[in-house]
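Bear in mind the structure is a predicted one, so any value in this text is a computation, not a measurement.
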Amino acid sequence: NRWNHLAITRSGNTFTTYKNGVQQDTWSNSSAIAASSNPSILGGAYANSTYYYTGSIDAFTVYNAGLSKAQIRQNMEAHAPRYRVNTIGD
């Protein structure tokens with residue numbers, strides 16, 4: 001078992017992913033987040049899907065503003081388990 005901190009930010013049309021405080025990927029998408037009457041799904045591809053995440057999710061947070069790399073790192077360290085998370089790069 002291993003604890004990982006994952007984060008995705010959106011600034012304008014740019015999305016950035018982080019794993020354990022280290023930037024992993026960046027991409028652009030100009031599509032708006034569509035309103036839907038369907039329930040939000042965390043850990044699955046879509047409703048009634050057979051594609052589900054099989055691990056555990058300890059906490060999930062949505063912010064109404066994009067976080068900086070430093071804020072993501074600070075949030076990760078504040079919520080990390082008692083053991084130190086090994087990170088590669090910065």
Could you state the interatomic distance from [atom1] ([X]) to [atom2] ([Y]), rounded to the nearest 0.5 Å?
X: Q23; Y: T9; atom1: CD; atom2: OG1; value: 8.0 Å
X: T16; Y: L67; atom1: OG1; atom2: CG; value: 11.5 Å
X: M76; Y: N4; atom1: CE; atom2: CG; value: 10.0 Å

Can you list the residues that meet the side chain to side chain contact (heavy atoms under 4.5 Å, CB included) rule with T17, with sequence neighbours excluded?
-> I8, Q24, D25, W27
When every non-hydrogen atom of K69 is compared with those of Y18, the smallest separation belongs to CG-CE2, 3.9 Å
Of all the heavy-atom pairs spanning S30 and N13, show the shortest one and how long it is.
-> CA-OD1, 3.5 Å
Between [X] and [Y], is there a donor-acceptor pair closer than 3.5 Å when you use the side chain of the first and the backbone of the second?
X: N20; Y: H5; answer: yes
X: Q71; Y: S68; answer: yes
X: S11; Y: T14; answer: no

Do N75 and Y63 pass the side-chain contact (heavy atoms from CB on, under 4.5 Å) test, and can you show the C-alpha distance, the side-chain angles, and the key distance before you say yes or no?
-> CA-CA 12 Å; N75 188 21; Y63 296 92; 3.4 Å; yes
Taking C-beta and beyond as the side chain, do F15 and N29 meet within less than 4.5 Å on heavy atoms?
-> yes
